[in-house]
Trainee: 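Pasting in a structure now, in structure tokens, and then I'll have a few things to ask.
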Amino acid sequence: MFDLKLIRQDPEEFDRRNARRGQPPLADGLLKLDAERRELLTEIQAGLALRNEASKAIGLAMREGRSDEAEALKAEVTALKDRTSDLEAREAEVTAALNAQLASIPNLIHDDVPEGADEDANELVRMVGTPRAFDFAPKEHFDLGEALGAMDFEAAARLSGSRFVALRGGLARLSRALGQFMLDTHTGEFGYTETVTPVLVRSDALFGTGQLPKFEDDLFKTTNDYYLIPTAEVTLTNLHMGEIIDAERLPLRYTALSNCFRSEAGAAGRDTRGMIRQHQFDKVELVSIVAPEASEAELERMTKAAETILQRLDLPYRVMKLCSGDIGFGAQRTYDLEVWLPGQNRYREISSCSVCGDFQARRSNMRFRARGEKATQFVHTLNGSGLAIGRALIAVMENYQTETGTIRVPEALKPYMGGIEVIGEA
RNA sequence: GGAGACGUGGCUGAGUGGUCGAAAGCGCUCCCCUGCUAAGGGAGUAUACGGGCAACUGUAUCGAGGGUUCGAAUCCCUUCGUCUCCGCCA
């Protein structure tokens, strides 16, 4: 969502920055609607002012018993209303059109974001860790998991169809251990507040973070108009929807382990094998709500928190800066963390950390007021995965596999595994 | 699920059709005064948008949306939320 005042001030700049997202020039159309709306508003408000004045006069006249005068004034106001009702209808139309357009424009990306059409143009920021040298051919996670009888796609398909999985025994435990470990690290070392939120939400929350109105197809919706959250970013970011937050409370940092639900409508045929892309998965999410001047540094901090998990698990990864064509709707700037998967012999996304500026804050009306200041400002929001549990599970499996097909438990997870050091058959 | 009550400013709380953006108290900010000591006095204290260089001014908002009316915090409808009782339930 955008501040029309900014677009008015510099429409060329707005179009220039939108062009980097492949958007056509929009400022002109928006400003025409805006101008029309303001013109109508001025006229309507003048009418209302007259009406208010006359109504007071009517009240006065009636109290003093001058009912003829009151009746005459009433007739006048009625006539006035006939004239303004058309204007009001037109204004409602124009405002609705304007808002609909504004709601569908993606966030302006930072100038620092590299130019490019798709993920191939993402920029390598750094590589961390060395992929392990295997003296056997490393397997993919689904081969490992199915052989151990601990990862059951067939059973899940009977229950729920494709893109679901059932975990058993050591892998189920490993999944829980990963979540615990991540939450403990983020709360204990990075100051995030552990949070449990609903996974069913109303449309307002999804509008706030930008999933609606444009990406409804990617969401699961219940018969009574709830949506299943695609990420806890939705609930954590909107925890303060509509609030004016005291500046002293910033930054607010929240983390949650939640189920995430995605219809994967646009991903037919992609990653159909294994649990890379599921309709339901677990994820530890990080959300920061900060003052504007703090948001850029917070992105680095958040990314570091997510990286710390990979480092502690001793998983090789690389940090990518997303290019203009790959960056999400609400983000100004995004780092993806990609973990090394020896079975697939490639890096795969396991975390995405984004700074959204005031884009989401405007949509959910989240402001703050500095101490002693009269004016409010919109907060800045950031979100990142810290990390996706399913993909972290895959990464541990593939990187820690043994020649016999068992999985060694990473040191960092041992305290959470109840004495299990190697995951064998379930 | 059934029956009922309620939703007012940072908080408490008045206000059932007209000068109510809203009494009063608390809190907060600023100023003044002061040795009958954790006191007294005064002023200020919502948000958004429109117009204006500005001072300022207009409009809207009493959970949200719609309606009735010349006029709505007050009446009607819808919706969301809270509470109470019953039912059910992890």
Side-chain angles (χ1 to χ4, degrees), chain A residues 1-9 30-103 196-208 212-213 221-227 235 238-250 259 358 361-379:
Chain A
M1 215 59 164
F2 297 99
D3 188 359
L4 276 165
K5 277 184 203 149
L6 287 178
I7 304 176
R8 267 179 236 151
Q9 266 167 32
L30 290 169
L31 290 182
K32 273 191 183 129
L33 283 174
D34 175 48
E36 185 177 358
R37 192 183 81 92
R38 283 150 70 204
E39 219 170 280
L40 288 164
L41 226 43
T42 305
E43 219 171 318
I44 290 165
Q45 289 184 356
L48 285 171
L50 272 172
R51 185 199 76 180
N52 287 342
E53 208 180 317
S55 291
K56 279 184 189 169
I58 291 167
L60 195 70
M62 289 183 47
R63 229 168 308 124
E64 293 173 356
R66 290 172 286 141
S67 58
D68 290 357
E69 194 179 321
E71 288 307 321
L73 278 166
K74 275 192 200 182
E76 238 174 82
V77 178
T78 307
L80 181 72
K81 277 215 308 194
D82 285 345
R83 262 174 283 141
T84 51
S85 66
D86 284 353
L87 293 174
E88 282 174 346
R90 177 73 191 140
E91 189 271 335
E93 254 173 59
V94 171
T95 300
L98 188 60
N99 286 340
Q101 286 190 28
L102 284 172
V196 177
T197 67
V199 294
L200 287 170
V201 296
R202 286 203 289 250
S203 60
D204 302 23
L206 290 154
F207 180 86
L212 289 180
K221 188 178 187 179
T222 70
T223 51
N224 32 211
D225 292 335
Y226 286 111
Y227 293 87
T235 45
N238 284 301
L239 241 24
H240 295 279
M241 198 186 318
E243 277 186 44
I244 298 173
I245 303 165
D246 288 339
E248 297 94 282
R249 294 182 63 198
L250 301 179
N259 294 131
D358 65 5
R362 285 181 182 281
R363 296 171 77 99
S364 338
N365 197 23
M366 284 190 290
R367 291 166 292 169
F368 75 99
R369 195 198 318 268
R371 207 177 158 70
E373 293 284 307
K374 201 173 153 56
T376 58
Q377 290 182 68
F378 288 103
V379 295

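Order of the sequence lines sets the chain letters (A, B, ...), proteins ahead of strands, with each chain counted from 1.
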Trainee: Which one is paired to B:rU47, where only Watson-Crick or G-U wobble pairs with both distances under 3.5 angstrom count?
Mentor: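 By the stated definition (distances under 3.5 Å), B:rA60 pairs with B:rU47.
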Trainee: Determine, for A:Lys74 against A:Glu71, whether the closest basic-nitrogen to carboxylate-oxygen distance falls under 4.0 angstrom.
Mentor: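 Counted as a salt bridge, because a side-chain N and a carboxylate O are separated by less than 4.0 Å.
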Trainee: Which whole number of Å gives the distance between the P atom of B:rA72 and that of B:rG81?
Mentor: 28 Å
Trainee: Could you identify the nucleotide paired to B:rU34, looking across every strand shown and requiring Watson-Crick or G-U wobble geometry with both distances under 3.5 Å?
Mentor: none
Trainee: Pick from A:Arg38, A:Gln101, A:Glu93: which one makes a side-chain contact (heavy atoms from CB on, under 4.5 Å) with A:Leu33?
Mentor: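 Exactly one candidate clears the test, A:Gln101.
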Trainee: Does a side-chain N-to-carboxylate-O contact under 4.0 Å join A:Lys221 and A:Asp225?
Mentor: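 Here A:Lys221 pairs with A:Asp225 in a salt bridge, since their nearest N and O are under 4.0 Å apart.
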Trainee: For B:rG1, give its Watson-Crick or G-U wobble partner with both distances under 3.5 Å, or none.
Mentor: B:rC86
Trainee: Within the structure, does a side-chain N or O atom of A:Arg38 lie under 4.0 Å from either OP1 or OP2 of B:rG52?
Mentor: no
Trainee: Quick check: do A:Ile7 and A:Leu4 have side-chain heavy atoms less than 4.5 Å from each other?
Mentor: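 Sidechains of A:Leu4 and A:Ile7: in contact.
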Trainee: Output the rounded distance in Å from CG (A:Leu4) to C1' (B:rG51).
Mentor: 17 Å
Trainee: By nearest atom, which of the nucleotides B:rC49, B:rU59, B:rC70 is closest to the A:Leu41 side chain?
Mentor: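 When the side chain of A:Leu41 is considered, B:rC49 is the closest of B:rC49, B:rU59, B:rC70.
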Trainee: Find which nucleotide of RNA chain B each of A:Thr42 and A:Val77 is nearest to by heavy atoms, and output the residue with the more 5' nucleotide.
Mentor: A:Thr42
Trainee: Specify the separation, in whole Å, of atom CD of A:Glu91 and atom P of B:rG51.
Mentor: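 Atom-to-atom, A:Glu91 to B:rG51, this comes out as 13 Å.
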Trainee: If the cut-off is 4.0 Å, is A:Lys81 near the phosphate of B:rG71, judged by side-chain N/O to OP1 or OP2?
Mentor: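 A:Lys81 to B:rG71 OP1/OP2: side-chain N or O found under 4.0 Å.
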Trainee: Using the C1' atom on both, measure B:rA64 against B:rA48 and round to a whole Å.
Mentor: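 B:rA64 and B:rA48 have their C1' atoms separated by 16 Å.
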Trainee: Heavy atoms, side chains only, cut-off 4.5 Å: are A:Phe2 and A:Arg362 in contact?
Mentor: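 No - every pair of side-chain heavy atoms lies 4.5 Å or more apart.
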Trainee: Could you let me know what B:rG81 is paired to, Watson-Crick or G-U wobble, both distances under 3.5 Å, or none if it's on its own?
Mentor: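 When the pairing criteria are applied, B:rC6 turns out to be the nucleotide that pairs with B:rG81.
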Trainee: For B:rC75, which nucleotide in any strand shown is its Watson-Crick or wobble partner with both distances under 3.5 Å?
Mentor: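 Pairing partner: B:rG67.
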Trainee: On the nucleotide B:rU59, are OP1 or OP2 found under 4.0 Å from the side-chain N or O atoms that A:Asn52 carries?
Mentor: yes
Trainee: Could you tell me which nucleotide pairs with B:rA24 by Watson-Crick or G-U wobble geometry, both distances under 3.5 Å, or answer none if nothing does?
Mentor: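 Across all strands, the one nucleotide that pairs with B:rA24 is B:rU12.
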Trainee: Hey, is the side chain of A:Arg51 poking within less than 4.0 Å of OP1 or OP2 on B:rU69, counting only N and O atoms?
Mentor: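 A:Arg51 to B:rU69 OP1/OP2: no side-chain N or O under 4.0 Å.
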Trainee: For the side chain of A:Gln45, counting heavy atoms from C-beta on, which of B:rG81, B:rC70, B:rC49 is nearest?
Mentor: B:rC49
Trainee: For A:Asp34 and for A:Ile244, locate the closest nucleotide of RNA chain B by heavy-atom distance; then report the residue assigned to the nucleotide nearer the 5' terminus.
Mentor: A:Ile244
Trainee: Would you indicate, yes or no, if B:rA48 has its OP1 or OP2 atom less than 4.0 angstrom from a side-chain nitrogen or oxygen of A:Thr376?
Mentor: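 Looking at the OP1 and OP2 atoms of B:rA48, one of them is under 4.0 Å from a side-chain N or O of A:Thr376.
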Trainee: Measuring to OP1 and OP2 of B:rA48, would you say a side-chain N or O of A:Arg362 lies under 4.0 angstrom away?
Mentor: no
